[in-house]
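Residues: numbered from 1 along the sequence shown. Counting starts at 1 for both ligands and their atoms, following the listed order.
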Amino acid sequence: MASTETKGFTSSFGAIAAAVGSAVGLGNIWRFPYICGQYGGGAFLLVYLCFVFFIGMTLMITEFVIGRRTGRTPIFAYESLAPSKKHHWWRYAGLLGLITSFLILALYLVISGWTTNYFAEALIGAHVGHDSSSITEHFNTFSTSALRPIVFIGVFLILTAAVIVGGVQKGIERVSKILMPVLVVLLMVLCVRSATLPGAAAGFAYLFKPDFTLLTGEGVLAALGQALFSLSVGMGVMIVYGSYLPKDDNLLKTSIWITVCDTLIAILAGIAIFPAVFASGQDPAGGPGLVFMTLPVVFNSMNPAEGLPIGTIFESIFFLLLVIAALTSAISLLEAQVAWGDEYNPAGKKSRRLRNTIIISVLMLVLSAILSLSNGAWSNFTIGGKTLFGFVDQLNSIYLPPLCSLCAVIFLGWVVDKKAIKDELSNHGTIAIPWYKAYMFLVRYVAPIALIIVLITGIVNSL
Ligand code: PFF
């Protein structure tokens, strides 16, 4: 097992590839395009960009500081960065992050299982010749059936766990360095195809033309929620990745790289999807079902009557892209759990990575299987009128990430010794940080206020 390697990423490129891999996921390709279209296109994009750069990036730097300064996983990181023993209860903020990433991974695996199934189906041409209503029916039957989604969750989870067992350098870093460039190439191929279809202009207008009448209060909240989710902040995962960052990495530069790549990929995903949706006359407001119900119809419409089924080839490329994006994100979520297990229960020099990965993966499989069944056979079991899947989804989108984020900014802005923060941001005084004051202002005031508003509104709306 490769886990006796020295801890951490070996290069800045590897670190950025892994963190971009975490950030770029289903959130960018499956979720961003449909909520952007839903809440006013360009209007939503403007608000989203403000949140991503001012609040999301502030949180990313904050989590990196907590992680790299301590070199530890969230619970221990909060504890050891606390200025005195009386602040040790901050470790519960780390615990909250761990629980959040555990729950998010369970949900994430369900959608990733669907994605893996659709990739397999696209490869064998299973959607060829089906019209919109039969594709919709196929999705509904598949997602509510008992066995098949769980089998594909299992397949996806085995892939994820195999990378984690490989270790931080030989597993996560190596795989990210290969898969992220592949992802960009696949995405570019799809963008070129979509953008050059006749009638594509309407798709660009839908995505980019600002319509402020659609940007409701709910849309603004969705923009902040999406910014946190998309950058993988607010659940301690970036604390873990922060602990693997090279000591001489410039934290601001690294965070800007990750944020810019993540945002560009979300926008490119919109370009790969909407022009093609409009060109084939499909409904762009497909919501969460857009990818699984609308896109197979769109790709079918690109197939010529005879000869090479080019649309189906593009469909396979699209779902491969989605599997890769989901995989590198799931890797970071599973790593957060496994790394904690290793730190909580160290076995001397010998790492327990293999053992911990197996235990956590089995737990994950059970929980994801339950969530998957709650979409079908067990949908009668409800909490507050929601299926278990809906309930955990609500916890994860409305309450937990903003709460964990709030803990992180209050801890760094108001509790941790300022000298330690300055020292970490400036790599022990070796780089200039003229932006320090602006960052502290964002951490101490702007981010907490925004997060408190999001939390309160979320709670009030869900009552
Ligand atoms: N950022 C990922 C996405 O956009 O799909 C999701 C995610 C991964 C969220 C890892 C949180 C996390 F810790």
Side-chain angles (χ1 to χ4, degrees), residues 16-36 48 51-52 56-57 59-60 62-64 66-67 73-74 94 96-115 156 160 163-164 172 176 179-180 183 187 222-244 255 258-270 288 291 321-340 360 364 392-393 395-397 399-405 408:
I16 290 175
V20 171
S22 171
V24 172
L26 296 169
N28 300 61
I29 298 164
W30 171 64
R31 202 161 172 231
F32 176 81
Y34 79 74
I35 55 174
C36 185
Y48 177 76
F51 284 150
V52 158
M57 213 171 80
L59 266 152
M60 185 177 289
T62 301
E63 293 199 8
F64 281 166
I66 298 175
T73 53
L96 195 66
L98 195 71
I99 295 171
T100 308
S101 57
F102 188 81
L103 292 176
I104 294 229
L105 180 55
L107 285 174
Y108 213 77
L109 286 173
V110 176
I111 317 284
S112 304
W114 294 354
T115 307
F156 182 86
T160 312
V163 177
I164 297 297
I172 304 174
S176 308
L179 290 187
M180 293 323 288
L183 179 139
L187 189 56
L224 184 54
Q226 174 65 13
L228 300 183
F229 185 78
S230 192
L231 291 181
S232 300
V233 292
M235 51 212 77
V237 167
M238 287 299 176
I239 296 184
V240 177
Y241 273 21
S243 76
Y244 300 154
S255 305
I258 300 165
T259 309
V260 168
C261 289
D262 184 65
T263 309
L264 280 181
I265 289 179
I267 294 173
L268 286 175
V291 158
L321 168 81
L322 209 53
V323 170
I324 292 176
L327 183 64
T328 48
S329 296
I331 287 170
S332 69
L333 286 160
L334 187 59
E335 174 64 17
Q337 314 293 320
V338 171
W340 167 77
I360 294 166
M364 261 355 288
V392 177
D393 187 33
L395 266 184
N396 277 331
S397 46
Y399 309 113
L400 293 177
L403 190 59
C404 293
S405 305

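At least one N or O atom of S232 sits closer than 3.5 Å to an N or O atom of ligand 1. Every N/O-N/O distance between V237 and ligand 1 stays at or above 3.5 Å. Note: an N/O pair closer than 3.5 Å links F229 and ligand 1 by distance alone.
Distance check, rounded to the nearest 0.5 Å: OG1 of T328 to CD1 of I324 gives 8.0 Å. We find the CG-OG1 distance between L321 and T115 to be 10.5 Å, quoted to the nearest 0.5 Å.
Those atoms of ligand 1 that come under 4.0 Å of a heavy atom in S332, given as number and element, are 10 (C). The contact set between ligand 1 and L26, taken as ligand atoms under 4.0 Å from a residue heavy atom, comprises 5 (O). The ligand atoms of ligand 1 that sit less than 4.0 angstrom from a heavy atom of S230 are 1 (N), 4 (O). Atom numbering of ligand 1 starts at 1 in the shown order; those under 4.0 Å from a heavy atom of N28 are 4 (O). Set against the non-hydrogen atoms of M235, the atoms of ligand 1 under 4.0 Å away are 11 (C), 12 (C), 13 (F). Heavy-atom contacts of S22 reach the following atoms of ligand 1: 1 (N), 2 (C), 8 (C), 10 (C) (cutoff under 4.0 Å).
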For T160 and L105, run side chain to side chain contact (heavy atoms under 4.5 Å, CB included): C-alpha distance rounded to whole Å, both residues' side-chain angles, the deciding distance at 0.1 Å, then the answer.
CA-CA 11 Å; T160 312; L105 180 55; 5.8 Å; no
Begin with the C-alpha distance, continue with both residues' side-chain angles, and end with the deciding distance and a verdict on side chain to side chain contact (heavy atoms under 4.5 Å, CB included) for S22 and Y241.
CA-CA 9 Å; S22 171; Y241 273 21; 4.1 Å; yes
Side chain to side chain contact (heavy atoms under 4.5 Å, CB included) assessment of I104 paired with F229:
CA-CA 10 Å; I104 294 229; F229 185 78; 4.2 Å; yes
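Distances shorter than 4.0 angstrom do not occur between any heavy atom of S101 and any atom of ligand 1. The closest approach between any non-hydrogen atom of I104 and ligand 1 is not below 4.0 Å.
Summarising the geometry of A17 relative to M180, their closest heavy-atom pair is O-CG, 3.5 Å, with the distance given to 0.1 Å. Taking each heavy atom of A227 and V52 in turn, the nearest pair found is CB-CG2, 3.7 Å.
For atom 4 (O) of ligand 1, the closest non-hydrogen atom of the protein is A23 O, 3.0 Å. Among protein heavy atoms, the minimum distance from atom 5 (O) of ligand 1 is reached at Y108 OH, 2.5 Å.
Panel note: side chain S329, backbone G21; a donor-acceptor pair is recorded below 3.5 Å. Side-chain atoms of E335 do not come within 3.5 Å of backbone N or O of I164 as any donor-acceptor pair.
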